[in-house]
Number of protein chains: 2
Amino acid sequence: MPLDRIDRRILERLQRDGRIANADLAEVVGLSASACLRRVRALEEAGIIDRYVALLDQSKIGRRMDIFVEISLKSQSNETLSAFEEAVARSTEIMECHLMAGDADYLLRIAAADPVDFERIHRDHLARLPGVSRMRTSFAIRAVSKNTAFPLPEAGPDLPQQAKAK
Amino acid sequence: MPLDRIDRRILERLQRDGRIANADLAEVVGLSASACLRRVRALEEAGIIDRYVALLDQSKIGRRMDIFVEISLKSQSNETLSAFEEAVARSTEIMECHLMAGDADYLLRIAAADPVDFERIHRDHLARLPGVSRMRTSFAIRAVSKNTAFPLPEAGPDLPQQAKAK
DNA sequence: TTTCCTTCGGCACACCGATACGCATGGCTG
DNA sequence: CAGCCATGCGTATCGGTGTGCCGAAGGAAA
């Protein structure tokens with residue numbers, strides 16, 4: 001699905017304010033309310049807009065610490081990886097998990113209240129992950145910036161080009 | 001601000017669906033619409049709900065790669081740190097930046113379309129960051145999971161305890 | 001215990017925005 | 001040139017939002 005300039009403007013705005021009223025969004029991007037709504041629906045159905053969420057203030061709910069954990073597995077076999085990933089998916093304390101190229105196999109991000117809370121998470125969640133051979137933990141002192149919005153260059157074609165490519 | 005069980009249920013829900021209609025949210029958490037709206041407003045004003053956003057599908061907008069960059073600075077002086085952080089804040093390509101304890105000083109996350117796109121970001125954004133002495137780049141092959149929702153244990157007091165603590 | 005006071009939820013109503021039409025326009029194709 | 005498809009606009013209706021008011025529950029003090 002090709003994105004024209006108006007789509008990008010819609011996405012840019014929704015990435016910053018997911019709850020903006022459709023009427024207001026329409027005005028910002030320069031469309032009528034109905035036309036705007038139709039585009040937003042199309043973006044949702046195409047899966048480009050994955051979902052809408054509320055972001056909480058991490059410190060205000062007592063999760064001040066971000067902790068990164070690099071994990072190496074005992075083997076790279078499919079079963080080992082799958083078992084590990086399924087366990088990760090089941091844990092609500094693991095905020096993020098990436099399969100990595102390079103030194104470690106996985107990189108995890110954990111949000112903990114304090115060192116004691118991290119010990120709980122370590123004991124009840126991390127230590128139970130299957131197939132782990134080595135863990136390296138790094139503490140974040142402070143989050144400098146945290147973005148959920150991807151840049152969508154205003155440049156580029158105004159209209160869908162070669163929309164034929166389905 | 002103490003959170004009772006209903007607040008936690010509201011937050012849990014809004015973290016998953018930031019656009020749920022207040023009337024529906026009220027039904028889910030077992031309140032009338034007006035009472036529910038008042039609580040949501042209070043959570044917003046307290047800053048516990050930081051903001052609402054639309055999350056895009058990273059692969060569908062052509063940003064398949066997550067890249068982590070560990071950065072060490074030439075010095076730890078206040079000016080060096082500030083200058084670096086200000087430059088980071090200005091870059092829209094840097095999705096995340098943490099001040100770290102341990103080996104490296106900072107950890108950055110970048111979302112790029114492909115290796116060529118990363119080269120552009122490296123050249124136009126990373127290479128221009130001031131005060132950098134060493135950079136170590138790790139590529140993520142695949143994101144196993146990405147959460148924005150913090151766990152909010154249902155357990156705990158139903159009612160605010162010792163609300164005196166202002 | 002009684003009374004006051006504060007807090008919080010429910011109810012009802014007025015209004016605003018969302019949504020679903022039908023119609024108009026413009027570009028592309030045969 | 002005719003027809004089709006995509007896309008935008010305006011309108012009408014319906015449902016949700018948000019406010020004002022009341023009443024219930026709980027705590028404190030006399």
Side-chain angles (χ1 to χ4, degrees), chain A residues 1-55 60-61 152 154 156-166, chain B residues 1-55 60-61 152 154 156-166:
Chain A
M1 177 176 177
L3 300 178
D4 67 16
R5 188 180 304 183
I6 294 181
D7 289 322
R8 286 195 295 265
R9 229 176 286 167
I10 289 175
L11 292 175
E12 197 185 325
R13 192 59 196 245
L14 284 177
Q15 284 192 100
R16 282 186 291 123
D17 178 7
R19 262 204 157 173
I20 185 173
N22 180 61
D24 298 340
L25 179 60
E27 199 186 347
V28 168
V29 303
L31 283 182
S32 72
S34 55
C36 181
L37 184 63
R38 216 175 317 161
R39 276 174 183 263
V40 172
R41 289 281 176 276
L43 291 166
E44 287 167 4
E45 258 145 52
I48 293 176
I49 297 177
D50 183 39
R51 60 191 201 274
Y52 300 91
V53 300
L55 298 181
K60 293 216 169 110
I61 56 166
L152 297 167
E154 263 294 329
D158 185 36
L159 286 174
Q161 52 185 351
Q162 262 62 288
K164 285 295 151 241
K166 207 209 113 203
Chain B
M1 177 176 177
L3 300 178
D4 66 15
R5 187 181 303 183
I6 294 182
D7 288 323
R8 285 194 295 265
R9 230 177 284 168
I10 289 175
L11 292 175
E12 196 185 326
R13 192 59 195 246
L14 283 177
Q15 284 193 99
R16 284 186 289 124
D17 179 7
R19 263 203 156 175
I20 186 173
N22 179 61
D24 297 341
L25 179 60
E27 200 186 347
V28 168
V29 303
L31 281 182
S32 72
S34 59
C36 180
L37 183 65
R38 260 191 303 256
R39 275 175 182 262
V40 172
R41 288 282 177 275
L43 291 166
E44 287 167 3
E45 259 146 51
I48 293 176
I49 297 177
D50 182 39
R51 60 190 201 274
Y52 300 91
V53 299
L55 297 182
K60 293 216 169 111
I61 56 166
L152 298 166
E154 264 295 328
D158 186 35
L159 287 174
Q161 52 184 354
Q162 260 63 291
K164 286 292 153 243
K166 207 213 109 197

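In what follows, chains carry the letters A, B, and so on, assigned in the order in which the sequence lines appear, proteins first and then strands, with residues in each chain numbered from 1. Atom set for the values below is all heavy atoms of this structure, side chains included, hydrogens, waters and symmetry mates excluded. Just so we're clear, the structure is a prediction, and the values are computed from it rather than from any experiment.
Whole-Å rounding puts the B:Arg5 CZ to C:dG9 P distance at 14 Å. Atom CZ in B:Arg41 sits about 17 Å away from atom P in C:dC8, given to the nearest Å. Atoms CG (B:Leu31) and P (C:dC8) sit 12 Å apart, rounded to a whole Å. Rounded to an integer number of Å, the gap from CG of A:Asp4 to C1' of D:dG8 is 13 Å. C:dC8 atom C1' lies 12 Å from atom CG of B:Asp7, rounded to whole Å. Atom CG in A:Leu37 sits about 13 Å away from atom P in C:dC21, given to the nearest Å. Put simply, CG on B:Leu25 is 13 Å from C1' on D:dG16, counting in whole angstrom units. Rounded to whole Å, the distance from CD1 on A:Ile10 to C1' on D:dG8 is 12 Å.
Of the listed nucleotides (C:dA12, D:dT17, D:dG8), C:dA12 has the atom at the smallest distance from the side chain of B:Ser34.
Among the protein residues, B:Arg39 comes within range of the sugar-phosphate backbone only, with heavy atoms under 4.0 Å from sugar or phosphate atoms but none that close to a base. If you check every strand for non-hydrogen atoms under 4.0 Å, A:Arg38 touches a base.
Annotation: of the two residues near DNA chain C, A:Asn22 and B:Gly30, the 5′-most nearest-nucleotide partner is B:Gly30.
Ion pair B:Arg39/B:Asp4 flagged as a salt bridge, since at least one NZ, NE, NH1 or NH2 atom sits closer than 4.0 Å to an Asp/Glu carboxylate oxygen.
For A:Asp50 (side chain) and B:Leu55 (main-chain N/O), no donor-acceptor pair under 3.5 Å exists by modelled atom type. A donor-acceptor pair under 3.5 Å is formed between the side chain of B:Arg19 and the backbone N or O of A:Gly18.
Not a single side-chain hydrogen bond (donor to acceptor under 3.5 Å, both in side chains) links B:Arg38 to another residue, sequence neighbours left out.
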